[in-house]
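Here's the structure, in structure tokens; my notes come after.
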Amino acid sequence: MTKTETLAALRGRIAHAEAVARRERGATTLIAVSKTRDAAAIQPLIDAGQRVFGENRVQEAQAKWPALIDATPGIELHLVGQLQSNKAEDAVRLFDAIHSVDRPSLVAALARAIGKTGRAPACFIQVDIGDEPQKGGCAITDLPALLAEAQAAGLPIAGLMCVPPAGLDAAPYFALTARLARDHGLTGLSMGMSDDFETAVTLGATHVRVGSALFGPRG
Ligand SMILES: *Cc1c(COP(=O)(O)O)cnc(C)c1O
């Protein structure tokens with residue numbers, strides 16, 4: 001399959017899941033997660049029309065994206081991996097959205113970076129939905145306070161993000177994340193990866209983060 005065909009097939013599966021759930025067609029943004037892929041692997045997807053990409057490391061993204069962004073207008077870059085506070089300013093300069101806001105120290109660092117750079121990436125609060133602290137994400141019980149803090153600091157909060165536990169049915173975790181977002185009046189839902197994005201779309205994902213289904217297995 002060409003990258004154009006792979007992308008069309010994936011978009012078709014998203015559209016079908018949207019239809020099944022009686023959601024508006026196009027309600028879901030596909031983030032092509034290009035971590036570990038070099039520019040030569042990314043370019044065919046850009047040529048096929050994909051414009052929204054995700055990376056999980058600031059330094060890796062800094063090494064490959066500025067040139068790609070200069071070459072193609074309209075690229076949108078999302079940080080989907082954990083973020084150290086000392087990289088907050090670099091992240092704010094490069095990324096259009098940050099999906100891993102998960103603690104007060106990072107909220108403060110991002111607020112400072114936004115003030116300094118005048119850029120304001122859309123922020124998702126990552127929730128530790130499966131009680132796996134090593135993965136990052138704020139504990140469910142800490143969400144109300146962190147959200148209030150982020151809003152008070154002026155971060156543009158787009159919604160919630162989750163990574164459900166591996167090897168378990170993701171649906172209950174997606175449903176719980178959707179309920180938490182609704183309870184807090186948030187509309188954005190970053191959830192679903194290669195193995196479960198259709199389930200996430202039927203449960204209300206506004207952003208799915210898909211890597212290997214687009215690029216092939218990671219080495
Ligand atoms: C790598 C990664 C993805 C994409 O995973 P695939 O299984 O390759 O689709 C999505 N979200 C996060 C946070 C990731 O680190």
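In each ligand, atom 1 is the first atom listed, and ligand 1 is the first ligand listed. All residue numbers in this chain count up from 1 along the given sequence.
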Subject >> Pair Phe124 and His207, ring centroids less than 6.0 Å apart >> reply: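 Here the rings of His207 and Phe124 have centres that are less than 6.0 Å from each other.
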Report the nearest protein non-hydrogen atom to [atom]: residue, atom name, distance rounded to 0.1 Å.
atom                    : value
atom 7 (O) of ligand 1  : Ser212 OG, 3.6 Å
atom 14 (C) of ligand 1 : Lys35 NZ, 3.0 Å
atom 13 (C) of ligand 1 : Val80 O, 3.3 Å
atom 9 (O) of ligand 1  : Ser194 OG, 2.5 Å
atom 5 (O) of ligand 1  : Met193 CE, 3.7 Å

Subject >> Distance filter under 4.0 Å to Val210 heavy atoms, resulting ligand 1 atoms >> reply: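 Answer for ligand 1: 9 (O).
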Original post:
Under 4.0 Å from ligand 1, counting heavy atoms only, is it the side chain of Arg218, its backbone, both or neither?
Top reply: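 Side chain only.
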**OP:** Would you check if the side chain of Thr202 reaches a backbone N or O of Ala21 as a donor-acceptor pair within less than 3.5 Å?
**Re:**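 A pair under 3.5 Å: no.
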Original post:
Only one of Asp196, Thr28, Leu189, Val33 clears side-chain contact (heavy atoms from CB on, under 4.5 Å) with Val208; which?
Top reply: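 When Asp196, Thr28, Leu189, Val33 are each tested with Val208, the side-chain contact (heavy atoms from CB on, under 4.5 Å) holds only for Thr28.
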Subject >> Hydrophobic cluster identity match, Val80 and Ile69, side-chain contacts under 4.5 Å >> reply: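 Unlinked, Val80 and Ile69 end up in two clusters.
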Original post:
Any N/O of Gly211 closer than 3.5 Å to an N/O of ligand 1?
Top reply: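 It does: an N or O of Gly211 is found under 3.5 Å from an N or O of ligand 1.
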Subject >> Sub-3.5 Å N/O-N/O distance, Arg209 and ligand 1 >> reply: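 The answer is yes, given that Arg209 and ligand 1 share an N or O pair closer than 3.5 Å.
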Original post:
Just wondering, do Leu68 and Ile42 contact through their side chains at under 4.5 Å, heavy atoms?
Top reply: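 Yes; the side chains approach each other to less than 4.5 Å.
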Subject >> Gap between atom OG of Ser34 and atom CD of Glu60 - 0.5 Å precision >> reply: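 Atom-to-atom, Glu60:CD and Ser34:OG are 7.5 Å apart.
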**OP:** Enter the distance from Leu186:CG to Ile125:CD1 here, rounded to the nearest 0.5 Å.
**Re:**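 With rounding to 0.5 Å, CG (Leu186) is 8.0 Å from CD1 (Ile125).
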